[in-house]
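The next block holds one structure in the form of structure tokens; read it before the comments.
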Amino acid sequence: MVISCLIIIQDKFVKICRIISNNFYIAKLIFKASPYFVLLTILNAIRNEGLIYLEHTYAISFVLESVEFGRSPKEVLRFLLILSGVMILSGIYSTVYENYWKPICMPKIKQNFKEMMYQKAKSLDLEYYDNPDNYNDYVLAVKESENSVERMIDLLNTVVGSVTIIICYGTFFALKDITSIFFVLLTFVLSIMFQKKLSQVNYDIKIKSNALERKRDYIGRVFYLNAYAKELRLNKAIYPILYKKYDDSNDEIKDVVNGYKNRKFKYELLAGYLSGDFIMDVIYISYLVYKAAVLKSISYSNVVVMYNSSGNLRRGFINIKEFFSKFIDMSLYVEKIRAFLACKSKLKQVGKTYIANSKHGFKFKDVTFSYNKASILKGINLSIEPNQKVAIVGCNGAGKTTLIKLLLRLYDVDSGNIFYGDKNINEYDLEDYRKNIGVVFQDFQMFAASLGENVVMDKMKDEDRDAVCSTIKKSGLEQKMNSLDKGIDTPVTKEFWENGVELSGGEKQKLAIARGYYKEAKLIILDEPSSALDPISEYNLNEFIFKTASDKTVIFISHRLSTTRKADKIYVIDEGKVVEEGTHEELLKKGEKYAEMWFAQAAKYSSIVN
Amino acid sequence: MNKIKNKTSGSLGKNIYALRLTWKLKKKYVIHTIMSIFLGYFQWIFYSVFFVKFVINAIEQQLEFKRIMIAILGIGFITLLMNIYTTYVNCAVFPVLEIDMHKDLYKSLYKKAENVELECYENAEFYDKYTMAVDEAFQKVSSTIRFLSECVFGIIGGIITFWVIFQIDHFAMLFLISPIVGNILLGKIENKIFYEKYTDEILSKRQIAYVNRVMYIPDYAKEMRTSNIVHLLHDIYLNAVSDILRIARKYKNKLVVVGGCRYICSYTVIFEGLLIYIIYRTMISQSILLSELAVITSAMVTASYIWISVMSSMVDMNKNGILIGNIINFMNYKPKLPEDYEGIKPSKQVNSIEFCNVSFAYQENGPLVLNQVSFKIENINSVALVGFNGAGKSTIIKLMLRLYDPLSGEILVNGINIKKYNLQEYRKLFAVTFQDFSIMADTVKNNVLMGNHMPKEDQSVIDTLRKVGLLDEINKYPDGIEANVTKEFDSNGIVFSGGQSQKMIVARTLINKAPVKVYDEPSSALDPLAEQELFECILDQKNEGLNFFISHRLSSTKMADLIIVIEKETIAEIGTHNELMTKKGKYYNMFRKQAVNYFD
């Protein structure tokens, strides 16, 4: 019994420690980035609340008392003039803080933070993206890093502000009439009690209606997203189904809301008016009037000041409460950020060798790999000699792209080895190793940068320009480049620039190929490079692979067997295994899977021979 | 192109539109909103001015404690009732009303979207405004009445505090002008500067957001790891940050001066200024009583905060007006090609399709996508459109489906200009597999049928899925054709690969009984064997009507009865495969280029 209690207490203690440590973690980062700003923020919070007290309570009370008990007018005026001066200075501080210090300091603090995140993001394993839980946490961490800074500053404001309020008003009421504090505390305790119930009701509503709202919003999306517009216009019959679903989900949401509305009303009334204004405006004022009119123990100017000030003390307590819930919230986000920053690469790194000789071949030995527990590669053996042109063919989902990912060390093999020369690829320095491989992914992306930078995939230096132009020519984009006013400096995508160029599917693919050429790598990997190319461009690509890149090793994946035909070696992958290997002629002679695919495609072109 | 006209100018007109709309959606909502906001302001002013005044007078005049208590309790009881009302309205009435209003508002937006032409979706400018209109439309429309009530009652409340102070001392009232000037005049100037600053910052903020996005979107992950693109992105980010700092410095002086003045007007003048003045009147000229002084101190705080809240409501209303503008523009948009376009009913057969000198551009004065295209299709079963990327193949299909109207020239179906047909009936003549198809979060069966009904539909769906080679995959799921596609609502939903999705979309077209079927690149994601099977299966249906194919792969289309080669916005060649091969022209060249690697 005692022990279990102790365990619970210990658990709580650990949790609390973690929350505190998370908050301090961010606070420290911010403080390190800009200690002055933290100081200025604390001062600002004290100034703000302190002066509200001075102006609204102390000064008014001073003035009323001066009249009631007859202080000299000169003294009062002097006080008021000094007060005016202080208030003007305070106003200036506040505007300078909001319009100068904050806009200058915040971006710098955020930048420090972001750079840390970005550093990490690049080194993160690709695997991290694949697991939905990890990925969601990752997105949250990156998205929240900036907000965390804002949140921490807000937190700082809240805590310093509410402590200031409680000290100022607490002292004020303690000196004037300590019982008043009891009333304020009463409202605070009651509202917390009922608020808890109210939160539960709101939470229940949210849980129940969330799924329904998602359904409703999905149907809305179908109506307004471009992706569905054409199909809807040709399949009018789908509308009644969609509208019915829409109405149904609305009715269901309404049922949920109707079911909770009375409970919600009850707790809202209890937590809101009854434990707040009602106590102050009816009970507390009665108390004050009783003291003034019957007991005559307080002056009536005090009645006004105390009645009007009680709201401020209430605000102080409410803010403290808010501070705690924000404090806990903050910790949740920081937890994700810290987990992300602490995340270590799972890729097994055995050595740090730099590639001195780029004239080695690659060898896969008994490589297996599974993904989400589904076995994708089941013992792959293949070898790629220097300067060879190797084609990998196979059906959709056979594991071709996975092979490439393993070669690039985006993932580690489950078992088996991949060698470059006589060393396992995990013995090479990762960055240096990848530098030696130029790759055109199937799902390559355009970046919101200039055309040239999209080829270089880095900052473009002046001395790079000639090479960029000639690469663009080779990749068949010359015409497009010449048609643009700014040539290789033309921005790509309309992300930031109205006059940015949007490339067509085929042009994008050519640009992606140019990236592969430009990299000066000894190994070029092309994953489905011709899927969006028209016949002529495809022909040119083939020419490139076999003529221009004669001094490079090329691995290409393609459905179009006409491209793969001239390869020095063809590997046919089926269900995670190499089922056939050899030259085109050898495989045709064999008369198995490759031959079947080949004839399926070639037969259609047969008329050319006839 | 669609010029989006600003019919209602100014934020006021737009807010009035929103008010009318809210009134039309639910009158109760409007009345309760006005009422609850009125009560809120009433209590605020009542307690901080009149109640205080009453209490002070009562104590000063030494009223009997019991009588004061009766009054306090009486007032307390009345405010309790008011609060019961407002709490009930907020907790039990509004949430329910809002669901209905939300539903009706969105339905009218969807109905409108249903009726506008496709162009609206493909024109980025229009589409941006449209999505902005749809986004949180309900909040925008319904908050107008709230902002307006807050403004109106706030101003009335402000005037009442004026009057109370005026009653006590005529000149004291003058101090109250200061927060009005401060909040409304200087506030306006300040907001203008904020807006300018905001516009200056847009690009940098977008750049920061972009870099952030690239960092976590998985599509970019591979390239980030295999190239130095991170350096470039880092550079974009640093530039954006330094731009933001530069902009902050640029505006700091203006903002500090205006903000400082506003602060002094809104707080210092009314608080300290008024205090000094009334202290002078009380202590030196002795024209104000102590009780009056107490009331003024309470009223002036209220007055100051009321004007601050009036100001913020006005700013919000203004901002909201701009957003409502998007909704108005969308709702008032007159579709050039409305989906409910009336006309004659086409016959159930399609015997001929003819393009006569058809030209087309996606943008007014933009480059022509099609230039003087003419061809006629009659008494054949299959047509193939071939040509380079961007040659205009998909555009021909879009024009034939009347998703767009040609710039000039006409399109005839069965000898009649398609503009004369009832649009909905006309479209029923076609079933289409689009290149950029979409899959619905619904069952396999509904995804294939797309709302159409037919006798023995389950069996037909199964047969069709078998034909396209997808049945085995679907039978892996216990619910079969009733299984959900996508994980949108069903965590066990089927997620098809690219090739499987294409097969399902082809099934959608195959099952349709329309006389004309269009397949736009239906096999791009398929491997060679699957592609061949799919084409064979499509061609099995050949005798039922007219089939259109678009493909890069000339081998897939060579069996078509008619091949139309599109090049440079116009028709380069037309004829059967054999005719075009003997002609040794463009088609021959293209075919050779593709074939040469198979045979040389």
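Keep in mind the model is a prediction, meaning the values are calculated, not measured. First the proteins, then the strands, lettered A, B, ... as listed; each starts at 1.
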Of all the heavy-atom pairs spanning [X] and [Y], show the shortest one and how long it is.
X        : Y        : value
B/Gly451 : A/Ile241 : CA-CD1, 3.5 Å
B/Gly260 : A/Thr95  : N-CG2, 3.4 Å
A/Asn99  : B/Lys252 : O-CB, 4.0 Å
B/Gly76  : A/Val282 : CA-CG2, 3.6 Å

Contacting region of [X] [heavy-atom separation from chain A under 4.5 Å]:
X        : result
B/Leu275 : both
B/Gln207 : both
B/Leu238 : side chain
B/Val256 : both
B/Tyr251 : neither
B/Phe77  : neither
B/Arg508 : side chain
B/His102 : both
B/Ser242 : neither
B/Phe434 : side chain
B/Tyr216 : both
B/Ile99  : both
B/Ile264 : side chain
B/Lys197 : side chain

Do [X] and [Y] make a side-chain contact, defined as non-hydrogen atoms from C-beta onward lying under 4.5 Å apart?
X        : Y        : result
B/Asp100 : A/Lys254 : yes
B/Thr297 : A/Val63  : no
A/Ser286 : B/Met69  : yes
B/Glu272 : A/Leu83  : yes
B/Leu80  : A/Leu274 : yes
A/Val67  : B/Ile279 : yes

**Report entry** Ring centers of A/Phe223, B/Tyr106 separated by less than 6.0 Å
**Finding:** no
Check whether [X] gets within reach of chain B through its side chain, its backbone, both or neither, counting any heavy atom under 4.5 Å.
X        : result
A/Ile205 : neither
A/Leu64  : both
A/Ile253 : both
A/Tyr267 : neither
A/Leu269 : both
A/Asp281 : both
A/Lys266 : neither
A/Ala449 : side chain
A/Val142 : both
A/Leu410 : side chain
A/Val96  : both
A/Asn262 : side chain

Report task. Measure from the side-chain N and O atoms of A/Arg434 to the backbone N and O of B/Arg225, and report whether any donor-acceptor pair falls under 3.5 Å. Result -> yes
**Report entry** Under 3.5 Å donor-acceptor, B/Glu223 side chain and A/Gln445 backbone
**Finding:** yes
Report summary line: To the nearest 0.5 Å, atom CZ of A/Phe447 lies from atom OG of B/Ser227 at 6.0 Å
Report summary line: Between the NZ atom in B/Lys103 and the OH atom in A/Tyr246, the distance rounded to the nearest 0.5 Å is 8.5 Å
Query raised in the report: Without hydrogens or angle criteria, can the side chains of B/Thr86 and A/Tyr273 be said to hold a donor-acceptor pair below 3.5 Å?
Result: no
Query raised in the report: So B/Val230 and A/Tyr118, side chain to side chain contact (heavy atoms under 4.5 Å, CB included) or not? Walk me through it.
Result: CA-CA 9 Å; B/Val230 171; A/Tyr118 291 166; 5.8 Å; no
Report task. Determine, stepwise, if the pair A/Leu81 / B/Ile276 fulfils side chain to side chain contact (heavy atoms under 4.5 Å, CB included). Result -> CA-CA 8 Å; A/Leu81 283 174; B/Ile276 291 172; 3.9 Å; yes
Requested in this report: Could you walk me through whether A/Lys114 and B/Asn212 pass the side chain to side chain contact (heavy atoms under 4.5 Å, CB included) test, one step at a time?
Outcome: CA-CA 9 Å; A/Lys114 277 274 178 66; B/Asn212 216 26; 3.4 Å; yes
Query raised in the report: According to the interplanar angle, ranging from 0 to 90°, do the rings of A/Phe265 and B/Tyr88 count as parallel (below 30°), tilted (30 to 60°) or perpendicular (above 60°)?
Result: perpendicular
Requested in this report: Please assess A/Tyr243 against B/Tyr110 for the test ring pair (Phe, Tyr, Trp, His ring centres under 6.0 Å), listing each intermediate value before the final yes or no.
Outcome: CA-CA 10 Å; A/Tyr243 279 125; B/Tyr110 297 152; 7.3 Å; no
Query raised in the report: Take atom OH in B/Tyr280; do more than 12 heavy atoms of anything else shown fall under 6.0 Å from it?
Result: no
**Report entry** Enclosure of A/Glu115 CD (heavy-atom neighbours >12, cutoff 6.0 Å)
**Finding:** yes
Requested in this report: Given salt bridge (Lys or Arg N to Asp or Glu O under 4.0 Å), test B/Glu114 with A/Arg233 step by step and report yes or no.
Outcome: CA-CA 8 Å; B/Glu114 190 187 319; A/Arg233 271 156 186 71; over 6 Å; no
Requested in this report: Report the C-alpha distance between A/Lys230 and B/Tyr121 in whole Å, list the side-chain angles of each, state the deciding distance to 0.1 Å, and finish with yes or no for side chain to side chain contact (heavy atoms under 4.5 Å, CB included).
Outcome: CA-CA 9 Å; A/Lys230 272 190 301 215; B/Tyr121 287 88; over 6 Å; no
